[in-house]
Amino acid sequence: MTVRTRFAPSPTGFLHIGGARTALYCWLEARRRGGEFLLRIEDTDRERSTDEAVQAILDAMAWLDLSADEAPVYQTQRLARYREVAERLLAEGKAYYAYESKEEIDAMREAAMARGEKPRYNGFYRDRNEPYREDPNRVIRFRNPLEGSVVFEDKVKGRVEWANAELDDLVIFRSDGWPTYNFAVVVDDIDMGITEVIRGDDHVNNTPRQINIYHALGAPVPEFAHLPMILDKEGKKLSKRTNSVSVMEYREEGYLPHAILNYLVRLGWSHGDQEIFSREEMVRLFDVADVNKAASRFDTEKLNWLNQHYLKTDDPAVLAPEFAWHLARAGIDATHGPQPADVIVALRDRVHTLNEMAERAKIWYGPIEAWDDKAVAKHLKNDSAAAVLEAAKGLLVAVEWKPEPIHGVIEQVAAKLELGMGKIAQPLRVAITGTQVSPSIDHTIYLCGRDEALKRFDHALVLARG
RNA sequence: GCUCCCAUCGUCUAGCGGUCUAGGACACCGCCCUCUCAAGGCGGGAACACGAGUUCGAACCUCGUUGGGAGCGCCA
């Protein structure tokens with residue numbers, strides 16, 4: 001049988017970083033085993049689901065390049081099917097109508113808690129065989145087995161056993177006429193031919209209930225793999241207050257999609273000592289069965305390292321479009337000025353993210369915004385600065401405009417004036433950038449462009465002599 | 001409260017009864033390189049939560065303790 005996995009987010013917000021990892025693992029598992037990866041939008045909560053959220057999730061998936069093999073399935077479009085299945089369960093006596101009000105249910109729960117028990121439905125309508133009737137409180141409940149236990153072999157957690165006595169008769173159809181999560185999921189997973197249910201840890205508790213529904217429906221039970229949670233740096237649940245949780249926020253912060261994927265694949269899974277995984281390697285080596293049981297913390301420092309790793313090793317031409325996106329966001333008009341790919345080469349050893357890179361690139365796309373007074377005082381207003389600037393200007397006018405020849409010019413100036421590189425590079429750097437920190441001086445000058453560089457030297461000469 | 005789950009350096013992890021004076025990576029510290037900042041190279045500190053038991057032998061198996069987490073909805 002073909003392996004089929006699915007990622008099933010509910011569109012109540014953006015694609016969460018934890019959701020992204022779940023999607024990645026589902027995608028990888030399907031790919032490795034030559035199967036299919038599907039997407040299902042769980043939008044039955046009409047109060048909280050929005051079209052914007054659906055689009056945001058789709059966009060994030062596309063940006064991460066985790067494409068589904070079939071068009072997404074929307075639960076809201078499958079209502080008739082859920083009804084049909086629920087009717088069948090009703091007809092077979094595997095489900096029944098119940099008419100308690102929400103207040104009654106709440107009271108039931110509180111009473112159980114008071115008795116030190118789990119808050120559960122007491123099964124009042126279980127054996128009453130109440131017929132269908134118009135009632136605002138009408139729900140359909142699943143007749144869960146009373147005895148025995150549900151056992152399943154979770155691919156990451158191992159054997160899980162659950163006493164049916166712990167489970168109550170869950171609502172499968174709400175009074176508003178929509179199916180509940182636990183029911184819709186099972187119907188969908190059966191209809192979609194899902195063979196591997198890979199999802200977050202928070203669903204383990206639902207699994208026994210769902211397995212009972214599979215049994216009631218006479219459908220084969222898929223394999224389950226419950227992924228541990230991703231916690232924040234403090235070991236707390238990831239929250240918007242303290243972390244970026246949306247994948248697209250990470251994009252805005254300048255992270256590369258494959259850096260995020262590489263970070264995520266190693267969070268809870270490993271392959272010996274390997275840290276860097278290409279897509280092909282992930283597909284070949286990943287196996288959900290090797291995923292760790294314990295929750296892990298999200299460490300931005302390591303993500304930073306990975307992001308810079310890819311910044312340094314990827315082809316600048318391939319990185320250029322994503323970088324251009326950041327330049328535009330930073331309000332930079334890149335139609336004039338240096339090629340983004342050249343800027344990447346100059347800055348990639350110095351930053352961890354693309355937006356940091358865009359910020360530093362400003363110096364070559366527009367005028368110097370702020371002069372560092374200390375830099376000017378130290379490197380421009382001294383005995384040799386003016387001479388250095390003059391000499392450099394003289395040679396730069398005619399040199400071939402590439403980093404290497406420019407580097408040659410600087411060496412010539414040093415030789416001619418009998419000065420060390422420090423005495424040459426720093427005044428030039430301040431002249432071009434207004435600060436004493438920048439990439440190597442040849443690149444710094446090169447990226448500025450000949451005309452602009454000469455203009456900045458002239459201005460610096462004024463400062464040096466003033 | 002009840003049910004279930006988890007536990008190796010600060011963090012991500014390797015380890016699947018002897019090869020562990022516990023390996024790698026991020027972060028941190030030091031040195032080197034150096035036109036600044038980085039990057040890079042070399043080196044360093046840093047962990048088996050605790051207690052019993054099983055065994056000739058335990059990070060690995062069992063039980064308990066402690067500490068964390070999840071769930072207990074007409075939310076997903």
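Given the structure is predicted, the values throughout are model-derived calculations rather than measurements. Below, each value reflects all heavy atoms present in this structure, side chains not excepted, and no hydrogens, waters or symmetry copies. Every chain is numbered from 1, with letters handed out A, B, ... down the list of sequences.
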Partner nucleotide of B:rG51 by Watson-Crick or wobble geometry (both distances under 3.5 Å): B:rC63
With RNA chain B as reference, determine whether A:E161 or A:S101 sits nearer its 5' end, using the nearest nucleotide of each. A:E161
Would you mind checking if A:D191 and A:R78 are paired as a salt bridge, meaning a charged N to carboxylate O distance below 4.0 Å? yes
Using the P atom in both, what is the distance from B:rC60 to B:rU54, to the nearest Å? 15 Å
State the pairing partner of B:rG45; accept Watson-Crick or G-U wobble contacts with both distances under 3.5 Å, and report none otherwise. none
Round to the nearest Å and state the distance from A:L238 atom CG to B:rG69 atom P. 14 Å
Length of the CE-P vector between A:M108 and B:rG1, whole Å: 24 Å
Reckon A:K378 touches a base, only the sugar-phosphate, or nothing at all at heavy-atom distances under 4.0 Å? nothing
A:A294 has a side chain; which of B:rA76, B:rC12, B:rC6 sits nearest to it? B:rC6
Whichever of A:W162 and A:R297 has its nearest RNA chain B nucleotide further upstream toward 5': A:W162
A:R115 near the nucleic acid: base, sugar-phosphate alone, or nothing, with a heavy-atom cut-off under 4.0 Å? nothing
Can you tell me the distance, in whole Å, between the CZ atom of A:F142 and the P atom of B:rC74? 16 Å
If you measure from the P atom in B:rC37 to the same atom in B:rC32, how many Å do you get, rounded? 14 Å
Between B:rA14 and B:rU36, how far apart are the C1' atoms? Round to whole Å, please. 40 Å
Rounded distance in Å between the C1' positions of B:rU55 and B:rG18: 12 Å
Candidate nucleotides B:rG24, B:rG10, B:rC35, ranked by approach to the side chain of A:D299 - the nearest: B:rG10
Nearest listed nucleotide, side chain of A:S175, among B:rC74, B:rA27, B:rU36: B:rC74
